[in-house]
Amino acid sequence: MRFIKDRLHPNGLFMKMFFITVALIMLVAVAVTLATIRMAEQFFIEKFSITNSQIINQIQDDFEDLNYSIVMASTDISKSSTIETHLLSEKAPDNERILSLFLVMRQIDNLREQLGDQNVEIAVTDQSEIVYTTNYTYWPASADISAHRITQAITAEPNKLLYFQASQGNSDDYVVAAKTLMDSETDRAYGAVLLPIKEEQLRSFYQDYVKPGNDFYVLNQEGQVVSSSLSNTIGTSLPELHQQAETMVLDGELYREINDEDTSQIMVAEYLPYFNMYLVNMVDKQAAVGNLIDTKQIILLLAGVVVLALVIVFLVTKRLTNSLSKLVNDIEAVPEKGLKRRLDYTGTYETKQIGLAFNSMMDELQEHVEKLLKAQKQQRHAELAALQQQINPHFLYNTMASIKFLVMMGERSEAEKTIDAFITLLQNTIGNVDESITVELELANLKNYVLINQKRYGDKIQVQFMVAPDCMQYEIPKLILQPFIENSFFHAFNKTTAGTISVLVWKEADELLCEIADNGDGMAADNNQLPNTNRNRQLFSGIGVKNVHERIQLLYGTDYGVTITSKAGEGTTVKLRLPAIHTDPGEENVI
């Protein structure tokens, strides 16, 4: 997890931008898909409904044509004096009734021929029974027609042509048009005309439009199915469908969507005023629209667009944020690679401006740090120069007095050695203002200092130098060993009047180690602290032991400095740890 987190951290902005964009694209894609499917469905439903409405109107015209033919036939019969005379001639002689019946049959047969090939027959009844029908097997009504519900219904409304559903069986479903025959003078009913129509005739008007999921119903005012493309529903009652059709017609709706638990249907309805029935078209929505709208293809197309958009977004976002991520990495690497690190600012305008501003800031910071280091170096140099200029006058007086004493004693050669050592010591300390000198030159100064002190105080304290030859040309800060020699000379041999001071210099790895050890009085364990030797009495240069430690750490850092170990009666050892810096530019310096 940490590896993944470390890998993602520099690309955090890219990941956030990418995932937010992905989420937005997915949201938009889903919304567009749903809206597209919904709009397409709505579009096809409206177009489909318009088409079906036109079909319904055409079917309605066919119903009206049928009604017109029936109305014309019934009107001719009601106006026929021949038929009226025959139906009212119950008491006429048989020969006259036979002749009259013949005339009636011929007239009705003619009217039937006018109906053409429509499955409509004609029957004429008197007050009690069917007098004549063009096809006795067509609609086998009961012999006592006076008690039939159709007769009772048309008697109640004698001036209207009414249609009735009359089912005889699964294969013999009829719609019967009936009208009372009235005497125009007495306004008395003398019979009725019945026109049975096979349900097949009504079905033929819409049969060509019936398809799976596309069904038609003809409903009477009781909600009973008079005709339907689903033959098993004929004669059944569908009051809810009738109510929906009635509401649609009243509201003038072109179509209505009927949603049940399992199905969704489109309903188109039209009122058949002459039949006093409703023609209803029920279309399964999935069957009508599902085949027109390829939802799978739309989803696949949009999915392809989304994938393409994601690829483009990924590439563009990655390209835009690459330069910013690189900039962040470069900025994070500055503490490790130093102030000289500069950014290679490329990419967008904003990235270039940030990189340019950062480089400018680093330039100013580096310049400021360099100025600060230069000032600190100059300050240290001034401090050292000031100390070098403050060689203890007592040291000068005592040295000169010792030389005078040697001359007076006739020890001319010793006096000359002392004067040479004194001159060289003064040249290297006062004349040379460099902060650093070689180990070789520092040892030369130490030897001259030791020689002068031995001439003054005797040679009971011996100093031996053990320096690795390859360390002679390494640089060390000036006067960092002399204070410890001086400290041992004047403080290590108070109880012990004679002893040895050893000076060792060697190199370990990339460090230069200097050790000043004496076998003098030593110090208690809890006193192993750097002594503050800034006492004017014995100081040569004014540079104290503690000052040496601070100078080393100021120059090279806290990894370097002075450590002291001492034990009472066994002497003191001071170790200086310095970086190995060679004066020859060809040699490798280690800091």
Has Gln353 got more than 12 heavy atoms of other residues, nucleotides or ligands less than 6.0 Å from its CD?
yes
Give a yes or no on this: more than 12 heavy atoms of other residues, nucleotides or ligands lie within 6.0 Å of atom CE of Met39.
no
Greater than 12 external heavy atoms within 6.0 Å of Tyr274's OH:
no
Carefully, step by step, assess Lys371 and Glu367 under the rule salt bridge (charged side-chain N to carboxylate O under 4.0 Å, His left out).
CA-CA 6 Å; Lys371 288 181 179 178; Glu367 183 180 357; 3.4 Å; yes
Can you see whether Asn276 engages Tyr271 through a side-chain donor-acceptor pair at a distance of less than 3.5 angstrom?
yes
So among Thr133, Val193, Leu194, Asp109, which one has a side chain to side chain contact (heavy atoms under 4.5 Å, CB included) with Ile122?
Val193
Are there over 12 heavy-atom neighbours, none belonging to Glu240, within less than 6.0 Å of that residue's CD?
no
Ser227 vs Tyr206 side-chain heavy atoms within contact, under 4.5 Å
yes
Please check this pair: side chain of Gln165 against backbone of Val175, looking for a donor-acceptor N/O pair closer than 3.5 Å.
no
What verdict does the side chain to side chain contact (heavy atoms under 4.5 Å, CB included) test give for Leu513 and Arg577, after you've listed the backbone C-alpha separation in whole Å, the side-chain angles of each residue and the deciding distance to 0.1 Å?
CA-CA 5 Å; Leu513 300 175; Arg577 185 180 298 277; 3.8 Å; yes
Is there a donor-acceptor pair under 3.5 Å between the side chain of Ser229 and the backbone N or O of Phe216?
yes
If only side-chain N and O atoms count, and only distance matters, is there a donor-acceptor pair under 3.5 Å linking Asn67 with Tyr163?
yes
Begin from the C-alpha positions of Phe63 and Val218 and carry the test side chain to side chain contact (heavy atoms under 4.5 Å, CB included) through to its verdict.
CA-CA 11 Å; Phe63 271 90; Val218 179; 3.9 Å; yes
